[in-house]
Amino acid sequence: MWRTLVASILLLNAIAFGQRTPTISYITQEQIKDIGGTVEFDCSVQYAKEYNVLFLKTDSDPVFLSTGSTLVIKDSRFSLRYDPNSSTYKLQIKDIQETDAGTYTCQVVISTVHKVSASVKLSVRRPPVISDNSTQSIVASEGSEVQMECYASGYPTPSITWRRENNAILPTDSATYVGNILRIKSVKKEDRGTYYCVADNGVSKGDRRNINVEVEFAPVITVPRPRLGQALQYDMDLECHIEAYPPPAIVWTKDDIQLANNQHYSVSHFATADEYTDSTLRVITIEKRQYGDYVCKATNRFGEAEARVNLFETIIPVCPPACGQAYYGGAETGAATSFALVAIVLAMMFAR
């Protein structure tokens, strides 16, 4: 009986002593704020009048912010006040910056080896920023695998969405694709163009990067008019359209002889884009020997292609390009022009 009473007294003394040990009864819960906003951390302590209460930012390199009711950090954005009625320390931060994100700890120092602590995490919402290690441009050979990567920082963690210029269908057979990596297993020349990597987390307008995909491929030639007729002594333009990357070397031949600019021929190339080139061969003041097959040939390091254009003789001049005067032996002949105009008018009348 006596022993039980003594044990009870000792237990009551221990409890009484324990209640006087400093404790932290309340700490603000995790906070998520926008840049430029305001946050307040409350730390309520009990039985700590004789002890030092600190606020710290406890990340990799701890920073002391306050001791007791005195602010230590020299930053006008920070303020501290103490409410004696609730024994609560209130740390406020205005105009929140990205660097303010982290863990804030309220700490009561009891001895050199004994401390009571409670922590709260501050997360700062940040707009997405696409990282420099994301893909910027790609040059790939047709048939190879292509991988485009896009990463972004920000809080909350941004989602990555892929689109194509003019909302063209992606190689994934969809208008959009969500994920950090967009893969094309076997790239085709039709896959070339601009791809958009869009990072969004609901903060601000998000971020976007344009990724240019260039596909190297062998030339492909199309001929708008494979057969063309023209009268003697008039000019005629032969055309071929070349699609290739890198840009190819283009030549015109007749009877396996390469043609050059002279009094009989004029060769011109016009690049409408990196992959497209229009080539025109003008046959000047056509002679009998200039009728026949002409070959447009394009070559790059991935291959070559050729297409034929047949030029045949007609009685009536074709306009254009034969809309001016014809030349015989270098002299202008008004009669020839009159003949051409009459022939064109007759042709139009019969066409009706």
Side-chain angles (χ1 to χ4, degrees), residues 141-143 189-190 215-344 346-348 350-351:
S141 302
E142 190 171 30
K189 65 177 185 294
E190 292 79 15
V215 180
E216 298 177 317
F217 59 97
V220 177
I221 298 178
T222 56
V223 174
R225 294 178 294 172
R227 278 178 53 81
L228 293 169
Q230 184 60 291
L232 281 167
Q233 297 298 307
Y234 287 89
D235 298 348
M236 178 50 78
D237 289 340
L238 316 183
E239 299 176 353
C240 70
H241 303 323
I242 301 101
E243 187 181 5
Y245 192 83
I250 303 169
V251 297
W252 285 87
T253 63
K254 185 179 187 301
D255 301 327
D256 294 327
I257 298 173
Q258 184 173 331
L259 305 177
N261 291 322
N262 53 35
Q263 70 272 28
H264 301 294
Y265 298 103
S266 174
V267 179
S268 60
H269 308 307
F270 179 71
T272 57
D274 288 343
E275 304 88 2
Y276 296 101
T277 305
D278 294 338
S279 182
T280 301
L281 172 68
R282 172 162 287 192
V283 186
I284 304 170
T285 317
I286 298 174
E287 301 173 1
K288 279 280 189 182
R289 62 185 178 84
Q290 290 176 291
Y291 291 117
D293 287 340
Y294 289 82
V295 176
C296 172
K297 185 176 182 180
T299 306
N300 67 10
R301 62 192 181 91
F302 291 95
E304 64 179 41
E306 61 179 41
R308 294 180 179 272
V309 181
N310 178 258
L311 178 62
F312 62 91
E313 184 178 359
T314 62
I315 302 299
I316 300 173
V318 176
C319 175
C323 302
Q325 294 177 325
Y327 295 84
Y328 290 95
E332 287 193 7
T333 307
T337 301
S338 299
F339 170 77
L341 292 173
V342 171
I344 292 170
L346 289 171
M348 292 176 64
F350 282 113

Working to the nearest 0.5 angstrom, can you tell me the gap between [X] [atom1] and [Y] [atom2]?
X	Y	atom1	atom2	result
E243	Y276	CD	OH	4.0 Å
I286	M236	CD1	CE	6.5 Å
T285	R282	OG1	CZ	10.0 Å
I221	E304	CD1	CD	9.0 Å
L259	L281	CG	CG	6.0 Å
N261	S266	CG	OG	5.0 Å

[Y] side chain reached by [X] side chain, heavy atoms, under 4.5 Å:
X	Y	answer
F302	P246	yes
Y245	N300	no
Q258	W252	no
F312	T314	yes
V283	Y294	yes
V220	I242	no

Exercise. When you look at V223 and E239, which way does the side-chain contact (heavy atoms from CB on, under 4.5 Å) test go after all the steps?
Worked result: CA-CA 6 Å; V223 174; E239 299 176 353; over 6 Å; no
Expected output: side-chain [X] to main-chain [Y] donor-acceptor under 3.5 Å:
X	Y	value
Y291	G229	no
T277	A271	no
Q230	D235	yes

Closest contact, heavy atoms only, [X] versus [Y]:
X	Y	result
A298	P219	O-CG, 3.6 Å
I315	A231	O-CB, 3.7 Å
R227	N310	NH1-OD1, 2.9 Å
L228	V309	CD1-CG1, 4.1 Å
Q290	K254	O-CE, 3.6 Å

For this session: Kindly indicate, with the supporting measurements, whether the criterion side chain to side chain donor-acceptor pair (under 3.5 Å) is fulfilled by S279 and H269.
Result: CA-CA 4 Å; S279 182; H269 308 307; 3.0 Å; yes
For this session: Kindly write out the residues that satisfy side chain to side chain contact (heavy atoms under 4.5 Å, CB included) with N262, not counting sequence neighbours, or none if the list is empty.
Result: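 Applying side chain to side chain contact (heavy atoms under 4.5 Å, CB included) to N262 gives H264, Y265.
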For this session: Mind jotting down which residue pairs meet the disulfide bond (SG atoms under 2.5 Å apart) criterion with at least one end in residues 223-268? Sequence neighbours excluded, please.
Result: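 Listed by first then second residue: C240-C296.
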Exercise. Could you go step by step and tell me if T280 and V267 meet the side-chain contact (heavy atoms from CB on, under 4.5 Å) rule?
Worked result: CA-CA 6 Å; T280 301; V267 179; over 6 Å; no
Problem set entry | K189/E275 salt bridge by N-O under 4.0 Å criterion |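 Salt bridge: no.
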